[in-house]
Amino acid sequence: GTNNARPCCGRDPGTEGPTPGVTLGVLPPPLFPQLDHIVSFLPVRDAVALGQTCRYLRQACDSEGVWRRVCRRLCPRLRQEGTAGARPWKRAAILNYTKGLYFQTFGGRRRYLSKSVAPLLSHGYRKFLPTKEHVFVLDHGGTLFFLRNALVSSAPGHLQWKRACRCVVLCRSAKDFTTDPRSDAGYRKYVYVLAARESAAGAGRVCDCVEVYLQSSGQRVFKMTFHAAMRFRQLVLVGQETERALLLLTEEGKIYSLLVNETQLDQPRSYTVQLALRKVSRCLPHLAVRAMTSNQSSAAFLTATGPPCSVTPTPRVPLTPDPQHPSGAVYFEVHAPGVYRDLFGTLHAFDPLDLQMPLALGLPAKVVSCALGYNHLGLLDEFGRLFMQGSNRYGQLGTGDKIDRGEPTLVQGLKCPLDVWCGLNHSLALLCCRELGQAVLGCGCGAGGRLPGWPKGSATFVKLQVKVPLCASRLCSTRECLYLLSSHDIEGGPAYRELPPSRAPPPPESPGAQACEQYLSQLQGCPTLAGRLAKVREAVGALPLPPCQKDFLWEALELIRRSAPPHSPPACS
């Protein structure tokens, strides 16, 4: 080039003082494309680390052209339609670089973490569910993968992760999927998939449908197609096999339900099911539900974000519509009297003839996530605080005791978890902090190895002996093993806010603060100024200060004593 100037790292002869550092910004413009081309050959982890060194390299490493080449190298079959967001290619590259499904068995002496073979066609991981023998994974592109025979029995009572499991595409254009909500994976016979399909009546007309597959073979046994005007985004199951209630959440925030008898799904016949509006959407029409979760005998509905609820309703009083504060709350349906007693501590308001009556939980802040177990639950608010409620027979609430809680109770010492999972009689939390790093915390019953490292269980959240992979985001547990999902989304994740000072708990008093409070109380007990100055003089004499500084303080105290009126009241003193 014509520029003959060279950056020098030392000091030129004949000059005084250090030479200012030469930045990469003085490079000639023709070198910019070459730098982007060089960065595109780096691994994803090195490219991200290089972009954090200086402002110039950050601009070069955040280029969409660089991440497009990186993404095509990682997953050549990913198309432009599968990417979305403000930075689609960077998001897609990081999603596919960090994707992974991990598995750790509870039985045996060896506690090792195994990783499955990631499907090459998957666009990251968004959701997963293990069944009795297989694992189902939904990616960000709407493709549901079926990992066949992921778990094999290596010995009686021992399971082993099969690395060479077959990855089969079960369904495309899927929005959500679910299965039996019980913690025991042996009950999960069918998989319900919410998908968008093109209608056969009109070309280009897309309708939502629910397809039911056998988990053992992946064969479709049932299909329900809805009207084109009905658009859904989530589905959950409630109830037993003979009277299974399928709850569907629309894009407008309304909940519909229909009854399904799973014992008749495999019979070759066609019949019509009745779709009805759920009572939570009928009696509270102003509410817009954002998400929902369920168990075999209960369901929880999270409303859209908005101003926090000013009232604190109790389960003993039926709810009435509140149009002023309809959002940021949690509503419950409890269908069994035993579960109702465990959750709320009483059966006073339980009505067996009206099981769909929504019950609200009063919290001081908005709820962003909910984990629902059989007889206990966990709530995460917008400030990253965890509230637990329900049965605490095994210490599964993590409050340090085994006392049941009929109202949400704050768990101390656990802040901003990435994910919370509630099982049958234990709870898990995925945490990322400076003190513990990336770790899994657990509490409750430890029988069967469900709390690795704590076989006797714990009434507080303790760190488990689990090797947590980098960028882990989701977790769940079955009777045999613990699952961890890894897939980092630069546009997702829980975004917690800072707790305002008015709501923050007071810090614990240190010994020095207690001594200071005691000394000030002694000063206030002295009725005259002379007595107070004597107390201060004693305190100055006990301080580890040089003699010259002590003399200066004593002279100041003497000036204060002389300038004060002889008979001044204690208030003026």
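Ring centers of Y192 and F177: at least 6.0 Å apart, outside the cut-off. Checked against the 6.0 Å centroid threshold, Y496 and F383 do not count as a close aromatic pair. Aromatic rings from W454 and H426 are positioned such that their centres are separated by 6.0 Å or more.
At most 12 heavy atoms of other shown residues, nucleotides or ligands fall within 6.0 angstrom of atom OH in Y394. When the shell of 6.0 Å around CD of E498 is examined, it contains 12 or fewer heavy atoms from other residues, nucleotides or ligands. Shown here is R58, whose CZ atom has no more than 12 heavy atoms of other residues, nucleotides or ligands within 6.0 Å. Few gaps surround CZ on F226; more than 12 heavy atoms of other groups in view lie less than 6.0 Å from it.
Between L386 and L379 there is no side-chain heavy-atom pair separated by less than 4.5 Å. Using a 4.5 Å heavy-atom cutoff, the side chains of R385 and L380 are not in contact. For the pair S257 and K279, the minimum side-chain heavy-atom distance is 4.5 Å or more. Between S473 and H488, the closest side-chain pair of non-hydrogen atoms is not below 4.5 Å. R91 places a side-chain heavy atom less than 4.5 Å from the side chain of E491. Proximity of L248 to I255: side-chain heavy atoms (C-beta onward) are nowhere separated by under 4.5 Å.
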Practice task
Would you please test L397 and V411 for side chain to side chain contact (heavy atoms under 4.5 Å, CB included) and show each step?
Solution key: CA-CA 8 Å; L397 300 185; V411 178; over 6 Å; no
Problem - Verdict with reasoning, Q104 to V466, per side chain to side chain contact (heavy atoms under 4.5 Å, CB included) - result: CA-CA 8 Å; Q104 179 170 330; V466 178; 3.5 Å; yes
Practice task
Check step by step if side chain to side chain contact (heavy atoms under 4.5 Å, CB included) holds for F387 and V367.
Solution key: CA-CA 10 Å; F387 294 84; V367 177; over 6 Å; no
Exercise for the section: Take F103 and Y483, measure what ring pair (Phe, Tyr, Trp, His ring centres under 6.0 Å) needs, and give me the verdict at the end. Expected result: CA-CA 5 Å; F103 160 92; Y483 295 90; 5.7 Å; yes
Exercise for the section: Could you go through the side chain to side chain contact (heavy atoms under 4.5 Å, CB included) check for C443 and V462 one step at a time? Expected result: CA-CA 7 Å; C443 64; V462 292; over 6 Å; no
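When all heavy atoms are compared, the tightest approach of L372 to A300 is CD2-N, 4.3 Å. Of all non-hydrogen atoms in F106 and G448, the two that sit nearest each other are CB-O, 3.3 Å. Taking both residues in full, the closest heavy atoms of K415 and L431 are given as O-CD1, 3.2 Å, listed atom of the first, atom of the second, then distance. Among all heavy-atom pairs drawn from V44 and I94, the shortest one is CG1-CG1, 4.2 Å. For L284 against P358, the heavy-atom pair with the smallest separation is CD1-CG, 4.3 Å. Q234 approaches A291 most closely through the heavy-atom pair OE1-CA, 3.5 Å.
Put simply, OH on Y97 and CZ on R45 are 6.0 Å apart, with the number rounded to the nearest 0.5 Å. Once rounded to the nearest 0.5 Å, the distance linking NE2 of H140 with CG of L138 reads 8.5 Å. Once rounded to the nearest 0.5 Å, the distance linking CD of E262 with CD of E243 reads 12.0 Å. Taking SG of C476 as the start and CG of L428 as the end, the distance is 9.5 Å to the nearest 0.5 Å. Put simply, CE on M230 and CG on D208 are 9.0 Å apart, with the number rounded to the nearest 0.5 Å. The distance from atom CG of L410 to atom CD of Q412, rounded to the nearest 0.5 Å, is 4.5 Å.
Ion pairing between a basic and an acidic side chain is recognised when a charged N comes within 4.0 Å of a carboxylate O; R182 and D184 show no such pairing. Salt bridge absent: R393 and D404 never bring a charged side-chain N and a carboxylate O closer than 4.0 Å. A salt bridge between E251 and R231 is absent, with no side-chain N of the basic residue lying under 4.0 Å from a carboxylate O of the acidic one. Under a 4.0 Å N-O distance rule, the pair E333/R278 qualifies as a salt bridge. Electrostatic pairing of R233 and D176 does not count as a salt bridge here, judged by no charged N lying under 4.0 Å from a carboxylate O. Taking the charged nitrogens against the carboxylate oxygens, D139 and K127 have no contact shorter than 4.0 Å, which rules out a salt bridge. Under 4.0 Å is where a charged nitrogen must lie from a carboxylate oxygen, and between D381 and K366 no such pair does.
With sequence neighbours excluded, the residues that form a side-chain contact (heavy atoms from CB on, under 4.5 Å) with P337 are L347, F350. Residues passing the side-chain hydrogen bond (donor to acceptor under 3.5 Å, both in side chains) test with R126: none are found, sequence neighbours excluded. Under the side-chain hydrogen bond (donor to acceptor under 3.5 Å, both in side chains) criterion, R197 pairs with E211, not counting sequence neighbours.
Of the candidates F128, F146, F145, F136 forms a ring-ring contact (aromatic ring centres under 6.0 Å, His included) with just one, namely F146. Of the options T409, T399, N375, a side-chain hydrogen bond (donor to acceptor under 3.5 Å, both in side chains) to N392 is made by T399 and by none of the others. A side-chain contact (heavy atoms from CB on, under 4.5 Å) with V210 is found for one member of T178, L246, V193 and no other, namely L246.
Geometrically, K175 does not engage F232 in a cation-pi contact defined by less than 6.0 Å to the ring centre and at most 45° from the axis.
Neither side chain, S486 nor K99, offers a donor N or O lying under 3.5 Å from an acceptor on the other. With no hydrogens or angles considered, a side-chain donor-acceptor pair links S427 and H376 at under 3.5 Å. Side chains of Y190 and E241: a donor-acceptor N/O pair is absent below 3.5 angstrom, by distance only. A donor-acceptor contact under 3.5 angstrom links the side chains of N425 and R450, judged on distance only.
Under the 3.5 Å distance criterion, the side-chain polar atoms of K254 are matched with a main-chain donor or acceptor of P285. Between the side chain of D419 and the main chain of L475, a donor-acceptor pair closer than 3.5 Å is present. Put simply, the side chain of N295 gets close to the backbone of G373: a donor and an acceptor are under 3.5 Å apart. Between the R188 side chain and the Q215 main chain, no donor and acceptor come within less than 3.5 Å of each other. Side chain of R282 to main chain of L277: a donor-acceptor pair is present (N/O by atom type, distance under 3.5 Å, no hydrogens or angles).
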